[in-house]
Undergrad: 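First the structure, which I've put down as C-alpha cells, then a few questions once you've had a look.
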Amino acid sequence: MTSSTQTQVQPKLIIHGGAGSSLQSKGGLAAVRRSLYNVIEDVYSMLVSGASAREAVVRGCQLLEDDPRFNAGTGSVLQSDGQIRMSASLMDGTSGRFSGVINVSRVKNPIEMALFLQESPDRVLSDHGSLELARELQIPSYNALTDLRLKEWIEEREDKFKRTMAGVVAEPETPDLEAGRGTIGVVALDTLGHLAVGTSTGGKGFERIGRVSDSATPAGNYATKYAAVSCTGIGEDIIDECLAAKIVVRVGDGMSLQEAMWRSFTEASKNQRDLGAIALDCTGKISYGKTSEILLAAYHNGQSIGDTLEWNDGELVGID
Ligand code: ASP
C-alpha cells in the first residue's frame, strides 16, 4: 500500500531521560520536565507535519543527546578509566531492522551512526568498528565531557569507586549522589501508523572497560509493526529480563500492550530488577513502567503532554 492510499492515524510520542532514585532537588525535577517537554514539542510537531517515525526518533534522540542533563551524548558519564564510551541503537518497526553502535567515543550523536547503519549489511558495530566508521563518515571528533560529569568522576575516584552507577541526571547544585541511570529513549508512531524506537546511553558510569550496555541490544530497544519499547535502568537487569523484546513479542502474539507491560513488569519486580521502560503500540496506546523509584518520561497523546516525573502511586505500569 502506498502512503497516499493509507488512512492517516493520530501520531503518538513518548520519550525518557532515564530511571533511578528520586532526584535530590525540586529544581532538578522542574528542569528535567522543561527539557523533556521541549523535545516533545519539537518532535511531535514534526510527526504532525508528516515526518516518519524513524525521522522523529532520530531527531528526538539527537536533542536528548545534546542536552547535558542526560546521560547520553554530551553529558555522558565516565567509565572507570575516566573515558566516555557511548552506545545507541535504532529499530524501525516497519522494516524490522535493528542497528547500533556499542562503546563509541569522540562523536556528538551516536544515534546518527545507528541511523547510517540501518542501510548497512553490518548493522551493529563495537568500539573499534564504530571508530573506524566515524572516520570513514568524516564525523568531526567531539568531546562529550561536561564539568559536572568530570567532577562526579573525580569525587567517585576519591571515594574508591564505591558507587555502582552515576547520577540519573546531572544536577548542578545538589549532585544526585544516590541515584543511578540516565539513558535517553524515544518511541514514535507516525501518521502512517508506523513505529520506531531509539535508545542512547553513556552507560552505567564507573563500569569496567568493555562492559556492554543493554541500550544497543534488543533487550533495551526493540520494535515490530505492532509495538515498540525503549528501556532504562541497570543494563544487566534489562538484559536478564530481555525486557524490550519480551514486551514487543507478547504484543505481537496477541496480548494487549497493557497486559504485556503488566506481566513483564510483574516478572521484573519479582526478580528484583531495577529498571523502567516506555512503550507504544500500533493502535496508539501509550504505556510506561518501572520497578525503580522514578522514571523520567514524557509523552504526547494527541491531545496534550503528560509525564511520569511525579508518578509514585505504587503501580508498576501506567497507560494513556
Ligand atoms: N541501561 C543503561 C546501561 O546499563 C543505563 C541507563 O539506563 O541509564 O548501560
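Predicted, not measured: the structure shown is a model, and the values here were computed from it. Whatever order the structure lists them in is the order used to number ligands and atoms, beginning at 1.
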Undergrad: Just jot down the ligand 1 atoms closer than 4.0 angstrom to any heavy atom of Thr232, in number order.
TA: 6 (C), 7 (O), 8 (O)
Undergrad: Heavy-atom contact check, 4.0 Å cutoff: does Gly18 meet ligand 1?
TA: no
Undergrad: Would you mind listing which atoms of ligand 1 come within a distance below 4.0 Å of any non-hydrogen atom of Lys204?
TA: 4 (O), 9 (O)
Undergrad: Would a single hydrophobic cluster contain both Met46 and Leu64, if residues Ile, Leu, Val, Met, Phe, Trp and Tyr are joined by side-chain heavy-atom contacts under 4.5 Å?
TA: no
Undergrad: Quick check: Cys231 and ligand 1, any N/O pair under 3.5 Å apart?
TA: no
Undergrad: Look at atom 7 (O) of ligand 1 and find which of Asn221, Thr183, Thr217 reaches it with the closest heavy atom.
TA: Thr183
Undergrad: Considering the heavy atoms of Ser213, write down every atom of ligand 1 situated less than 4.0 Å from one of them.
TA: 2 (C), 3 (C), 9 (O)
Undergrad: Do Met86 and Val107 touch side chain to side chain, with heavy atoms closer than 4.5 Å?
TA: yes
Undergrad: Below a 4.0 angstrom heavy-atom separation, can you tell me which part of Arg211, side chain or backbone, both or neither, approaches ligand 1?
TA: side chain
Undergrad: Considering distance alone, does some N or O of Ile238 sit under 3.5 Å from an N or O of ligand 1?
TA: no
Undergrad: Looking only at side chains, do Glu65 and Asn109 share a donor and an acceptor under 3.5 Å apart?
TA: yes
Undergrad: Please check if any side-chain donor atom of Asn221 sits under 3.5 Å from a side-chain acceptor atom of Ser89, or the reverse.
TA: yes
Undergrad: Is it true that Arg250 and Ser264 share a donor-acceptor pair across their side chains at a distance under 3.5 Å?
TA: yes
Undergrad: With a 4.5 Å heavy-atom cut-off, do Met113 and Val104 have their side chains touching?
TA: yes
